[in-house]
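Have a look at the structure below before the remarks.
Note on naming: letters A, B, ... go to the chains in the order of the sequence lines (proteins, then strands), and numbering restarts at 1 for each one.
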Amino acid sequence: MKTNITADAGGANAGGDGAATSTSASATDANANVNAAATTSNSANAVNAAANANVNAAANADATDGGVVGGAGAGAGSGGGGAGDTTNSPCLIEGVVRALECLRARCPLTHCMTNGVVKEFTANVLLAVGASPAMIEHAEEAREFATMADALLVNLGTLDDAQMEAMRGAIPAYRRAGKPWVLDPVAVGALGVRTRFAREIAGCQPALIRGNASEIIGLCGRASRGRGTDSGDGAEEALDAARELAARTGAVVLATGAVDYATDGARVRSCANGHVWMTRVTGAGCAQGALAAAFAAVCGERLVAALAAAVVMAVAGESAAARTAGPGGFRVALVDELSRIDGESLRRRARVA
Amino acid sequence: MKTNITADAGGANAGGDGAATSTSASATDANANVNAAATTSNSANAVNAAANANVNAAANADATDGGVVGGAGAGAGSGGGGAGDTTNSPCLIEGVVRALECLRARCPLTHCMTNGVVKEFTANVLLAVGASPAMIEHAEEAREFATMADALLVNLGTLDDAQMEAMRGAIPAYRRAGKPWVLDPVAVGALGVRTRFAREIAGCQPALIRGNASEIIGLCGRASRGRGTDSGDGAEEALDAARELAARTGAVVLATGAVDYATDGARVRSCANGHVWMTRVTGAGCAQGALAAAFAAVCGERLVAALAAAVVMAVAGESAAARTAGPGGFRVALVDELSRIDGESLRRRARVA
Amino acid sequence: MKTNITADAGGANAGGDGAATSTSASATDANANVNAAATTSNSANAVNAAANANVNAAANADATDGGVVGGAGAGAGSGGGGAGDTTNSPCLIEGVVRALECLRARCPLTHCMTNGVVKEFTANVLLAVGASPAMIEHAEEAREFATMADALLVNLGTLDDAQMEAMRGAIPAYRRAGKPWVLDPVAVGALGVRTRFAREIAGCQPALIRGNASEIIGLCGRASRGRGTDSGDGAEEALDAARELAARTGAVVLATGAVDYATDGARVRSCANGHVWMTRVTGAGCAQGALAAAFAAVCGERLVAALAAAVVMAVAGESAAARTAGPGGFRVALVDELSRIDGESLRRRARVA
């Protein structure tokens, strides 16, 4: 499995990235410090949290071995690929860790032109991770904002004519400003207007495209089995389409599912973390797209940015599921875990290749 | 009390329903099983959850006897009506249980054209119960989606001109496709544009109409005492209007309040479950409308679908209130309880007639 | 000080209203008792919760003295102003307490024309405190609603052309009806369309204007350092701009930050409560604007209404932070605390001057 993974670039890029950007420990760090202090001085909670974490970590190991949908059998040590695959998972993880550190140091202002179902959750996810969300809708302001924000997310979930017009103006403004934009082609392939629109803007040099298997297949122009926002196709089935789409658009493509795959057309990275409950709350995928935009803003190597968005969301999801009993509590815990995730938890849990 | 309940059809319909649809134990069941396993393997949490459930069940029994607003004195054994009323509550409950099983087996794709306040909550409620939400807004796509989705909700909460146009196109498309649509006439009677629009589309054969007392009275053309989304009228006062509206439109009408009433113009079903906190979080009523659409998609007998939407939401609300201390936590717990509700809890708690 | 508080109206309203409504210690109280019991019987959690509360209260005192971003050193006793300032903090607090009692007695119907990110949270905050939210968007209905609602919030967060048109109609309708409207100039100063629009409507006699430092400075026409919805300026730096804006528009201006300041151009009130986590969840500021509208509806003295919105939100935020470990849980707890806040907690915690 994962025989397509090329080993050369993961470590090198990751290294290059982190060095360039992790230096600016500015205002946001002050916040981080204040919060850390507050959390630490709340000793009873800290102790409890630790205790819970231990219990849950153990419980979760069981759950993910046996319970995750399409779990891909990617247990400890499974990160290696086929013969000749020299991918170094620790290097990939270190790249993700550095990307997260950069994001927290720079707090990228992330402009989300997204759907009406997930705006609040998306904003809270970005805030929890350490980015700054902004939801500007007006066509003129959306263009203007390209000079201020650090990245743009274009999510087609509840597309209407006014939003299409605003997106058509904003995307070239971000390109002119040299800032990345991310396309999340929600339900593309299933519905006509958005499929045509997504194919149109996919030609405008997105830095990243993030979608489930059916959306990636549909955007690529192949027949998909999507049903609304549900994917009827497996992420692995989408990998061919993702490679083709990456080659055609120049974007890094993140195709999500039980295993998430990121590809620039040549190289492929994968993340086998996650939990089925992430499909039982609305907005986890859409928020992952926003995270991808935030990471793209701080991370020159877009393949690392895509992998970071996948891993950070999925590892936080596993942690959240391990301490909750239903989707309502899970959604709350997911935001908490995103604020708490760090290099240590990533190194302990991430299953990337 | 409940002397208006006619006894004839409840059992028969419920029986008819279940047999037709509960066979397809497909993909969604797999998820249900996986989740159950995951929860169980998180043993420390599971034990606590079980303990809480027991404690809360007891506490809740007290609460519903003495505390529910307008509680209607409908304790255990109160399901019977006046003299000559032979309604068989157990049969009604079994119909609701089968409807819930059908919903989980078939995971109906539920298209919600709803207001901007409750989109996320509505989506999470549908996901928790076991349905699949989709919020398509664009007029052309909303029509197109009628060929894919299983039912449509039309909620007028934050109506604007574009949404009216899209609804005007989508409703006949669902009718042509032979799929049910549900009208939730939020604040109708109080405001002009939506009152005219609601009366217009009420003529387009909705399968169900769900509203609070003032909304049902207002849609019927009588003087109501609604104030924004608050009802100034009692659900029992609305029963006459509901019967008239059902007779006139052909819809089953669900008039909600301390007691929810469902009627097809002749027969009346009631649900005396619920908790005052459901009126202290936004969106519980709107999400109930979405549930009604999901049930209508899987349940040929619309009176059962309406009752199921009422009972499932109200019983989950009681369970959630029994283990929370404020509206914030209640809203989270309500989603959890909706994912957990099953035949056993419905049989133990439902107070239907 | 607060010598400007007219003693007659506050007490009269509270007394008049309160008598009518405070007697019904019914369903909701019963629930509170039941829930408390349920929580207690979950003994392990209850013990921890209690322990946390104590620890956190202590931790929080430390945090707010030393740790809150831009903490302003506003500890006990720091409220005093220049020579001759006879501010009497207890009187200020009693004014806030009476405003909260009035709000709960009268449950003002609060029309929120607000942004798409925070509609649900705003509604839940209003419901939790005891007001009744309504989100009417259609231009014709928004005008019509002025005859029914008690106050209007105009929040520019996700402004578009249709919303501007609707706001342009609604504002004069509220003025004609003699009802207060509140302006929340989100991201004004940073973006052109909304800055022009905000300056236009600021001339239409808003009762209150609420914004962060950069927004107040930007609305005033000075150069601000705002970045999206983030303020780049301190609230104290904004105080001059706030005074000028108040004098020019006739509004009471609430400039928020680590310390919130309310001014009518001459008098200044401040609130030093709050917690850094309020900046780490979306919508706390926007919901504060909605609270300000609800308070303005019941509170003739607008300076008290502004202070009440600031204090109620900030004290609830402190309480919520003291019992949660991350922004997800904090957001849930904030709603709970808003439903629970009362005269006793305000008197114990409020740090106003």
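From A:Leu126, atom CG reaches atom CZ of C:Arg280 across 11.5 Å, with rounding to the nearest 0.5 Å. Here the CZ-OG distance, from C:Phe330 to A:Ser339, works out to 12.0 Å after rounding to the nearest 0.5 Å. The structure places CG of C:Asp161 at 12.0 Å from CD of A:Glu137, a figure rounded to the nearest 0.5 Å.
The side-chain heavy atoms of A:Glu120 and C:Val118, taken from C-beta on, include no pair separated by under 4.5 Å. Side-chain contact between A:Asp336 and C:Pro327: present, with at least one pair of heavy atoms (C-beta onward) separated by less than 4.5 Å.
Neither the backbone nor the side chain of C:Asn115 comes within contact range of chain A; no heavy atom of the residue lies under 4.5 Å from a heavy atom of that chain. The part of C:Arg331 that comes within reach of chain A is its side chain, from C-beta onward, which places non-hydrogen atoms under 4.5 angstrom from that chain.
Remark: side-chain polar atoms of A:Arg340 are paired, donor with acceptor, to backbone N or O of C:Ala325 under 3.5 angstrom. Checking side-chain atoms of A:Glu144 against main-chain N and O of C:Gly192 turns up a donor-acceptor pair under 3.5 Å. The backbone N or O of C:Thr282 lies less than 3.5 Å from a partner atom in the side chain of A:Asn124, making a donor-acceptor pair. Between the side chain of C:Asp160 and the backbone N or O of A:His138 there is no donor-acceptor pair closer than 3.5 Å.
For A:Leu127 against C:Thr279, the heavy-atom pair with the smallest separation is CD2-O, 3.9 Å.
Within a 6.0 Å sphere centred on CD of C:Glu200, heavy atoms belonging to other residues, nucleotides or ligands number more than 12.
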*Mind running side-chain contact (heavy atoms from CB on, under 4.5 Å) on A:Met135 and C:Thr158 for me, showing each step along the way?*
CA-CA 7 Å; A:Met135 273 72 174; C:Thr158 54; 4.1 Å; yes

*asked:* The test is side-chain contact (heavy atoms from CB on, under 4.5 Å); show your working for A:Lys119 and C:Lys119 and say whether it passes.
replied: CA-CA 10 Å; A:Lys119 279 178 187 166; C:Lys119 279 178 187 167; over 6 Å; no

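Salt bridge A:Glu141/C:Arg196: absent, no basic N to carboxylate O contact under 4.0 Å.
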